[in-house]
Amino acid sequence: MRSSGNPAGFTALVTASLLVTAAANLSPTLVSALAVQIQDDLGIGEAEIGMTVSAFFFVGALTSALSGRMVERIGPTTGLRLSTAAAGAVLVVTGVLGRSWLALMILVGLAGLANSWGQPAANLYVARGVSSRRQGLALGIQKAGVPAAALLGGLAIPTVGLTIGWSWAFVLGGLLAFAVSLGVPAVGRKPPATSLQRAVTDRPLVRPRPDVAMRLLIAVTCSTCLAAMGSMALSSFFVLSSVEIGINEAAAGILLMAGSVVGIASRLAMGASADRASLSPFHMLTAMFAVAALAFVGLSTGSKAMLYAAMPFAFATSYAWPGLFHLATVRYNPSAPGAATGITMTGNFTGAVCGPVLFGLLVEATSYGWAWSFAAITSGAAAAVMAVTGRLIDRRPAQAARAP
C-alpha cells in the first residue's frame, strides 16, 4: 500500500523508520549489553555505567524541544538522514577513541544529540507518510527500533564482545548506521489530512504549534519521565543484574535478546490494536505502566525463577510503551507532531538520565533488590499520573470537534 502523495510505500517508510530508530539508539544499548567487558577494561563500576548511559539522554533532554522545531522546518527525511549519519560517526569514533571512562561518556552523550533529532523526525516522517488509519502499526514498528537495538546489543556479547572485543561492536554498529542513512526514502513536505486535524485546526499556522494544551503536555511529560526511569534501568542493568544472581554472561545476553524480541512483538501488537480499538492510547499506557511496576517487584526478589517469570512482562510493558506514547502524541497533535514530540520527549530523556544514575547508585549503596523496588515505585507513579492526564486529554478533542 502506498501513502497518498509519497513516492515510497508503507513497507519502505516504516522499515526505514525502524532502522533509523535502532541505529540512533545503538550507543547506550551497546554500553549496557557490553557492560561487563567495559567495566573490566576501563576499571569502572555500576555507577559509571549508569552515568554513561544517562549522558546519552541528558543531551537529548537539553536539545529535544529545539530539535523538534528544527525538524518541522527542515523536514523529516533530512532529519532522519542527518540523525543516522551523525549516530554512525559517533559510534565509529567511540570504538576507536573510547578508551577511558570520560571519553566514553562524552562520546555516548554526543550520540544523544543525534537521537534527539531522530525521534521527532521519525514521528513527523510517519505523520506525513502514512495514513492515519495505519499510524498505530507504523509507530509500533518504528519504536520497535529501540528493542531491536537491544537485540543487536545482546547478539554482540557472544559474537563480538567475547571474541574480538567490545570496541569493535561500536565500529561495526557505526558502519551499519552509515548504510541505513543512505536508504531513507523521501516523503512529502505536507502531512495527509486527518479528521482530527480538520476538526481542530481549520486555519493555517505560521509557526506549527501542538494542539494539546501545554499544561497537559507537561503532565504527560512527567508521567513518561517516571516510566522511562524504570525502562532505562531495565535496558541498562538487566545483564549485570542477571550475572549478579548467578546467570553466566552469555546466557544473560541471550535473555536480553529474548526480552528484546518480546518488546518488539508487544510494540507491534499494541500499535495494531490501537489502530482498531476504541480504547484510548492513554488508557493502554496506564495499564502498561501498572503491569511494569508488578514485573519490577518480581525482579526485586533476586530469585532466578522470578527473573525468568517477570522478564517477559517487564520487556512487554516497560520496554514497549513508547510506540503507544508516540502514537498518542501524533494523533492528538496533528498540526505539529514533530514539535509536540520534541516537548514530550523531554520527559523520556529526563527519566532516562535519572533512571540509570539513581539505579546504579542504589545498587552500589544497597543492592539490586532495592534498586528494582525503586523502578517499581516510579512505574506505579507513572501509571497514576497518566490515568488522570489521559482522561483530561481524551475529553479535549471531543470538545474541540464540537467547536465551530
Side-chain angles (χ1 to χ4, degrees), residues 15 18-39 49 53 56 87 91 95 140-177 180 230-270 292 295-296 298-299 304-323 352 356 359 368 372 375:
T15 300
L18 163 70
L19 293 175
V20 167
T21 303
N25 283 273
L26 270 178
S27 282
T29 54
L30 286 175
V31 169
S32 302
L34 299 166
V36 175
Q37 292 90 33
I38 293 173
Q39 284 181 320
I49 291 293
V53 173
F56 177 85
L91 281 163
I141 295 172
Q142 177 202 111
K143 301 311 174 187
V146 179
L151 190 153
L152 292 174
L155 182 63
I157 296 175
T159 59
V160 181
L162 296 177
T163 54
I164 59 177
W166 64 266
S167 60
W168 279 103
F170 284 86
V171 174
L172 295 174
L175 297 178
L176 174 63
V180 169
S231 301
M232 289 312 304
L234 180 66
S235 61
S236 302
F237 289 96
F238 180 78
V239 171
L240 287 171
S241 176
S242 300
V243 171
E244 178 72 15
I245 63 174
I247 296 173
N248 70 62
E249 189 178 341
I254 293 172
L255 282 175
L256 178 61
M257 291 173 61
S260 300
V261 171
V262 171
I264 291 170
S266 179
R267 291 185 188 219
L268 298 182
M270 291 297 103
F296 287 136
L299 292 178
K304 286 185 182 181
M306 284 301 298
L307 182 143
Y308 291 130
M311 181 272 288
F313 293 99
F315 279 92
T317 54
S318 181
Y319 214 47
W321 60 262
F359 194 97
Y368 274 104
W372 287 124

Heavy-atom side-chain contact between Phe313 and Leu299 under 4.5 Å:
no

Examine distances only and state if a side-chain atom of Ser318 and a backbone atom of Ala314 form a donor-acceptor pair shorter than 3.5 Å.
no

Let me confirm one number: the OG1-CG distance from Thr159 to Leu172, rounded to the nearest 0.5 Å.
8.5 Å

Should the pair Phe315 and Phe238 be assigned to parallel (<30°), tilted (30 to 60°) or perpendicular (>60°) ring geometry?
perpendicular

Any side-chain heavy atom of Leu30 sitting closer than 4.5 Å to one from Trp166?
no

Does some side-chain heavy atom of Leu26 sit less than 4.5 Å from a side-chain heavy atom of Leu152?
yes

Take Ile38 and Ile49 through the side-chain contact (heavy atoms from CB on, under 4.5 Å) test and state the conclusion after the steps.
CA-CA 9 Å; Ile38 293 173; Ile49 291 293; 4.2 Å; yes

Val180: which of Thr21, Thr15, Leu19 passes side chain to side chain contact (heavy atoms under 4.5 Å, CB included)
Leu19

To the nearest 0.5 angstrom, please state how far the CD1 atom of Ile254 sits from the OG atom of Ser242.
12.0 Å

Between Ala33 and Leu256, the two heavy atoms sitting closest are CB-CD2, 4.0 Å

Using a 4.5 Å cut-off on heavy atoms from C-beta on, say whether the side chain of Leu240 contacts that of Tyr368.
yes

In terms of heavy-atom contacts, Trp321 and Ser231 come closest through NE1-OG, 2.9 Å

Nearest heavy-atom contact between Leu234 and Trp372 is CA-CH2, 3.8 Å

Looking only at heavy atoms, which two atoms of Phe56 and Ala24 are closest? And how far apart?
CZ-O, 3.4 Å

In short, Ser27 meets Leu91 closest at the heavy-atom pair OG-CD2, 3.3 Å

side-chain contact (heavy atoms from CB on, under 4.5 Å) evaluation trace for Tyr308 with Ile247
CA-CA 11 Å; Tyr308 291 130; Ile247 296 173; 3.9 Å; yes

Mind listing the closest non-hydrogen atom pair of Met232 and Ala352 along with its distance?
CG-CB, 3.3 Å

